[in-house]
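Read through the structure below, which is laid out as structure tokens, and then see the notes.
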There are 2 protein chains.
Amino acid sequence: MVAPTTDETATLLRAVPVFSGLTEADLARVAEVAVPRYFEAGAVVFREGDDSDTCYIVRTGLARAIREHSDGRSITLSNFVPGELFGELAMFDNERRSATVDMLENTEVVAILGGDMRRLMGEHPEIAVKLISALAKRLRATNERLARQSFQTVQSRVAAVLGQLVLAARADGAGEGDVMITSTQADLAQLAGSSRESASRFLAVLERAGIITQGRGRLTVHDAHALERYVY
Amino acid sequence: MVAPTTDETATLLRAVPVFSGLTEADLARVAEVAVPRYFEAGAVVFREGDDSDTCYIVRTGLARAIREHSDGRSITLSNFVPGELFGELAMFDNERRSATVDMLENTEVVAILGGDMRRLMGEHPEIAVKLISALAKRLRATNERLARQSFQTVQSRVAAVLGQLVLAARADGAGEGDVMITSTQADLAQLAGSSRESASRFLAVLERAGIITQGRGRLTVHDAHALERYVY
DNA sequence: AACAAGCAGTGATGATCGTCACACTTGAGG
DNA sequence: CCTCAAGTGTGACGATCATCACTGCTTGTT
């Protein structure tokens, strides 16, 4: 891994929806205030309750936002793949960090200070509009999640999570056939808001039904369509 | 109830955070595209899955966003009091309505068409910034809610809901002493994501502890601080 | 090769909570 | 004033799930 040049950063930024409306020159200006940073797998970017307002864009790797409970349990709020932005909430409402973000893989990001971002938004209203779209999408997803957590059983939630992961993998270039997902059972359980054991039991059911094959730290979905039968 | 004049509408809009940065003249222009509408208690403004993109501002009364499950259960995502904006998500991501909004009381709103709102945002970037703040706040609240739904017991969630309602009432002018909340047990249960019966049982505990007094369709909180002891 | 650490499978158990059922109360409308 | 719908209180029951407590299986490290 090598620190990117400003040019490389600009190229990355072009792929980020929030900045997609900018001209080359404007993009270059954004790149100037964007600081490349690197985190090892497992590293914590910020913690719930911290008082910072930097936002981050994933370059490579995988980041994750979690909420932890005092008894040690935790749930995953969302994962962030390359091109996605996180940590922007604290920039607009002056509150502390509402979640902890850590890295699931070795991850390169670029960081943009809150002040810089706010200035950019003032100069380029189209950034604000894009940001609204991004927030609207997140809010929808979270409402969806909340409804699931309230109405559906663990089985159904695990199946739904698998379905989402398949969609994400497909959007990311995976083909129509089998889709490999690199998550442990514990990761899946956290996404589904359940315990590792419960998830494990249901995954065994799916495996016996021939819908998935499990491996250590990974899992292959053979029949994504069949998953829907378990979502109700 | 009388249809408001454009002038009255402008006065209302001034109190809405999203429009608070505008000049009198700009506010008047917004008021021109804002259509006053009236809904009876129980009326539905739009339903999950609808394909509309109008947004609404509450003038008087109380609106509520809910998600319904096929088996008849439902949860309340949020309530909207006078001055608050709802229905704006569909304006930015071209998706269908993600929730149903109905009226808990006879409610007056002003409606702004999606196209008008987008145009206004283009002309007045400060609206976009305010909107981002509003969305950020909602997203935070929803994440909070999701964490509660995952980690906490019904007791704890009901207590938390009561706490929130007390805060809202205080912010709305209620004094330091007893706070009256006009919700049925069923309403509270929905906010807490639980069944009416479970909520009822725990409210009885709170009543025996002297922390609240219940009445039909209303409830008085005597000791808001004591509620915290039940949130863990 | 031995070992530790992380991941996965699974039984037993008990707590929580939704559901059903029904009685009781209250208040608004005819 | 009577009715009826809406709101509330409570018991019984069962399903779901988290938790605990293991065992066994990989993988990579010393």
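We name chains A, B, ... by the order of the sequence lines, and we start the count at 1 in each one. Computed over heavy atoms, backbone and side chain alike; hydrogens, waters and symmetry mates excluded.
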Without decimals, in angstroms, what is the distance between [X] [atom1] and [N] [atom2]?
X        : N      : atom1 : atom2 : answer
B:Gln155 : C:dG18 : CD    : C1'   : 16 Å
A:Ile181 : C:dC7  : CD1   : C1'   : 17 Å
A:Leu104 : C:dC7  : CG    : C1'   : 16 Å
B:Phe202 : C:dT16 : CZ    : C1'   : 14 Å
A:Glu207 : C:dA8  : CD    : C1'   : 11 Å
B:Glu197 : C:dA23 : CD    : P     : 16 Å
A:Gln185 : C:dA8  : CD    : P     : 4 Å

Side-chain donor or acceptor of [X] paired with backbone N/O of [Y] under 3.5 Å:
X        : Y        : answer
B:Thr142 : B:Arg138 : yes
A:Arg148 : A:Ser156 : no
A:Arg157 : A:Gln152 : yes

Which is true for [X] with a 4.0 Å heavy-atom rule: it touches a base, it touches only sugar-phosphate, or it touches nothing?
X        : value
A:Gln214 : sugar-phosphate
A:Ser195 : base
A:Gly215 : sugar-phosphate
A:Thr184 : sugar-phosphate

statement: Of A:Arg216 and A:Asp71, the one whose closest nucleotide on DNA chain D sits nearer the 5' end is A:Asp71
query: Between the side-chain atoms of A:Arg201 and the base atoms of C:dG11, is any donor-acceptor pair under 3.5 Å?
result: yes
query: Looking at B:Ala90 and B:Glu95, what are the two nearest heavy atoms and their distance?
result: CB-O, 3.7 Å
- prompt: Could you give the distance from OG (A:Ser195) to CZ (A:Arg201), rounded to the nearest 0.5 Å?
  reply: 7.5 Å
statement: DNA chain C nearest-nucleotide lookup for B:Arg196 and B:Ala199: closer to the 5′ end is B:Ala199
- request: Give a yes or no on whether the ring-centroid distance for B:Phe80 and B:Tyr56 is below 6.0 angstrom.
  value: no
Note: B:Arg47-B:Glu68 ion pair, threshold 4.0 Å (strictly below): yes
message: At a heavy-atom distance below 4.0 Å, which nucleotide of DNA chain D is the first touched by chain B, and which is the last?
response: D:dA6 to D:dA12
